[in-house]
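For reference, the structure is listed below as structure tokens.
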Amino acid sequence: MKQLEVTAYVVTALGTAIPLWIVLSAFSQISPHSAKLVVHILDVPPLVPRVLFVLSGIGAAALPNAAWTLQGRLYWALWSVTLTLVVCSATLLSPSKPCLTMPCLTIVGPALLYALRELVLKEIDSVVWCRAQCMATAGASSLSMLAWITWIAVGFPGRERWFDWPPEFGDLYLQGRISWKFSFILWSSAPGCSVLLALLAVVYWVRLTYLSLHTEDDRNAFIGTSVKQLLGCLVAVAMTVWIGASLSITAEREDMRDETIFMACMAFLGLGLWMRRTYGEKAVFAVVGQSSAANEALAILESSWVKAFILMVGAVPLLVYAATYGLYSRLRGSPKPWPLIETLGGWHWTDVIVKALWLIVLYVFLFVAMGKATIVVLAVTNETISSWPVMAVSLAVFLVALALFMFPSTPGGPIYVLMGVVIVHSAESQGWSSEAAVAWATLVSFVMKLTFTAAAQKWIGEPMGKSDWVQQCIRIHTPYMRAVEQILQEETSVAKVALLVGGPDWPIAVLCGILELPVASVLWCVSPVLVQSVFPSVLAGALLYWQQWGNRHKDGDAHVEESGLAEVALVIAGFLQLAVGLIAALCVQETLEANFEQLSARRPQDEWLHKLDELDEARERRTIRLTSWEALPNTLRLALCTSLLCAESSLVLLVGPWHEWFGMSCFLAFDVMSSVEKDLGGRPLAIVQPLGWVALALAALSSVGLGVYYSFLAQQEASAEIGEATPLLNDPMPGQPSNKNSA
């Protein structure tokens, strides 16, 4: 037994340290060989990494089903090929996607240890192996950080400041061969790997704690806590996606926005799969069934809107998956349906497609089109008033920002950035110091945020709270919303601060007005936004201005190392938003779990809302029955499928990497520092490229299917019997047992 323990510690230490050493030797400015390898990677034809990436994606998608459809050796052969493809594609894609490359390469060691454990070292006790993994990843994390700190302290020949790059990387950046983002990732790869390995060590520690519990009750309680934390992560990921759907402030898109969204989603998916493997699917669902908060969350996740979102973002992978299953079933006869195929078969596809069309149309016109229009407005504002006296500029940008905040889809980050750019420019032009200019811009932005919160609460929220339709839409009578209401009605607490600061600006401020909360209490609890979002974003705006005009250096040029610090400041603000959103989600779940009976009990003032819910459920049952996919006319099914194809095509054109691959894009590179006169020829609509007009036209065309569908639904409802609504109240939803024969 002692020998097996020693084997576990040695194997995990070597299996974690050696791949990490290879990664840092190849992709870190610490290594003298990194620049040479980067040059060789840049010489690889762009088509090669893209083909490898597609093949690795196909292999990764096939692994879940291959686990039970292939024999052991065939499965591990596919696993090995997939891992090899992932490593090769990540390595070759590093210049263009560095934020995704480093996590993929860092987890190679733990992935190899997983395979080694399953194939060779099964006789080692699970507790011993998990403890060895935890210690190995924690040790590798410490060594990686220690190596970086030592490199920073010792330096290299010719370095002037601690954040300077080695000359060869600065030359590659100045020559335009690598982006600032790639250079920055190479500079920070060692601490980045350290943080990632530290997170893995925490995951291993959680599993070790679970395996060390002996009683069933303790294990169930631990699983319940983990499930609630995972649901909190889901809310935080949703918040990250909302932030990512906001405006891009830089033309070159060096803000790492897409990578942050992708990594957040992949982290949540990975945690979910890890939880399923660690605790077992039956144990997780058994514990979830006993958790009130988890049941409420799962009820939301099972709604048609969530399914529509899955279809919206995953239509192409789902189509490939279904086609693969169809081909496999033809070759193998009629095998047992794959799990995902069974799940998709239970969807009400008419309802899901219609809601997916709504989501895509709203995204294209509310976020994309309105987002670009807002960027143009911000640029015009910057160009028009930046030369005014500082007090006049402050007042003007205050009013413009306040007006933009009144739109529900406008996030705060780009507005704060604009205020940083314009006010700092005006202040420095009149002889203010840089520090004083940033401090004044931060103060004006902070006061604007407080003013907006009070105005939205009193002028929008309170009048909307008197509307029955609004009360029903926000579902203030449901347990989740009542938990939010209970937290917001507290005087001062961490949970209330997290909700007010971590939530989206407009909805949270308006909700406070609907609940008729005291303005002073809300403003006090929202004040930490000064540190969490306002200052980092204003600083990013100031850095953008300094990078554009070179005011920080006597030679008139910004150092190459500073040319992306604005984006780093925005990334910090984004992660702070993610952290606060996660805290808020966990606080809501804890409140719901602790007071579920009280929050789920009907209040007399909410009875009319519950009756409306019953009528809506009856109406939904009738709609589902009238619009069953099998019962739809062929013309309507063709119209919906064509509309979905147009909508998905529009989405692919808007988010696809067409500029990197073919030099084509939907919109011109335009940011808050651009000029409508110089960059757009005085025509604001020139920001939309031909490909963008095609994408917008396809999105508009997809709405035709919605019109045809609602016209058909109106005809069906008009032809239904007038007395049908009463028995519909007793009709079961699809999948629910009927009560007709219960007597």
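Note that these values count all heavy atoms, side chains included, but never hydrogens, waters or copies made by symmetry.
To the nearest 0.5 Å, atoms OG1 (Thr623) and CG (Asp616) are separated by 10.0 Å. Going from atom SG of Cys88 over to atom CG of Leu55 covers 11.0 Å, rounded to the nearest 0.5 Å. Between Ile360 atom CD1 and Leu311 atom CG the span is 7.0 Å, to the nearest 0.5 Å. The CE atom of Met370 sits 12.5 Å away from atom CZ of Phe365, with the distance rounded to the nearest 0.5 Å. Between Leu645 atom CG and Leu640 atom CG the span is 12.5 Å, to the nearest 0.5 Å. In this structure, CD on Gln715 lies 12.0 Å from CG on Leu626, to the nearest 0.5 angstrom.
Looking at heavy atoms from C-beta onward, Tyr480 lies out of side-chain contact with Leu599 at the 4.5 angstrom threshold. The side-chain heavy atoms of Leu85 and Phe53, taken from C-beta on, include no pair separated by under 4.5 Å. Residues Ile460 and Trp506 are in side-chain contact: their nearest non-hydrogen atoms beyond the backbone lie under 4.5 Å apart. Looking at Pro479 and Ser600, their side chains come closer than 4.5 Å, going by heavy atoms from C-beta outward. You'll find the side chain of Trp693 stays beyond 4.5 Å of the side chain of Cys666, heavy atoms only. Two residues are said to be in side-chain contact when any heavy atoms from C-beta on lie closer than 4.5 Å; Phe667 and Leu691 fail this criterion.
Leu701 and Ser643 get closest at one heavy-atom pair: O-OG, 4.5 Å. Contact detail for Val352 and Ala308: the closest heavy-atom pair is O-CB, 3.6 Å. Taking each heavy atom of Leu632 and Thr627 in turn, the nearest pair found is CD2-CA, 3.9 Å. The shortest non-hydrogen separation linking Arg602 to Glu614 is NH2-OE2, 3.7 Å. A pairwise comparison of heavy atoms in Arg482 and Ile476 identifies CG-O, 3.3 Å as the closest pair. Closest approach of Ser304 to Lys355, counting heavy atoms only: CB-NZ, 3.4 Å.
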List the steps and the verdict of side chain to side chain contact (heavy atoms under 4.5 Å, CB included) for His477 and Asp613. CA-CA 10 Å; His477 58 295; Asp613 282 347; 2.4 Å; yes
Stepwise, does the side chain to side chain contact (heavy atoms under 4.5 Å, CB included) test hold for Lys372 with Phe670? CA-CA 9 Å; Lys372 294 299 178 182; Phe670 194 85; over 6 Å; no
Verdict with reasoning, Leu612 to Asp468, per side chain to side chain contact (heavy atoms under 4.5 Å, CB included): CA-CA 10 Å; Leu612 286 178; Asp468 294 345; 5.7 Å; no
Salt bridge (Lys or Arg N to Asp or Glu O under 4.0 Å) between Asp351 and Lys307, intermediate numbers included: CA-CA 10 Å; Asp351 191 36; Lys307 296 173 182 176; over 6 Å; no
Please report the C-alpha distance between Trp79 and Leu83 in whole Å, then the side-chain angles of each, then the deciding distance to 0.1 Å, and finally whether the side chain to side chain contact (heavy atoms under 4.5 Å, CB included) criterion is met. CA-CA 6 Å; Trp79 188 93; Leu83 181 62; 3.7 Å; yes
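Checking side-chain atoms of Ser711 against main-chain N and O of Gly707 turns up no donor-acceptor pair under 3.5 Å. At distances below 3.5 Å, at least one donor-acceptor pair connects side-chain atoms of Trp658 with backbone N or O atoms of Val652. A side-chain donor-acceptor contact under 3.5 Å links Ser650 to the backbone of Ala695.
Counted within 6.0 Å of CE on Met406, heavy atoms from surrounding residues, nucleotides or ligands total more than 12; the atom is thus considered enclosed. Heavy-atom contacts from other residues, nucleotides or ligands closer than 6.0 Å to CZ of Phe407 number 12 or fewer.
With no hydrogens or angles considered, no side-chain donor-acceptor pair links Gln471 and Asp606 at under 3.5 Å.
Under the ring-ring contact (aromatic ring centres under 6.0 Å, His included) criterion, Trp349 pairs with Trp347, not counting sequence neighbours.
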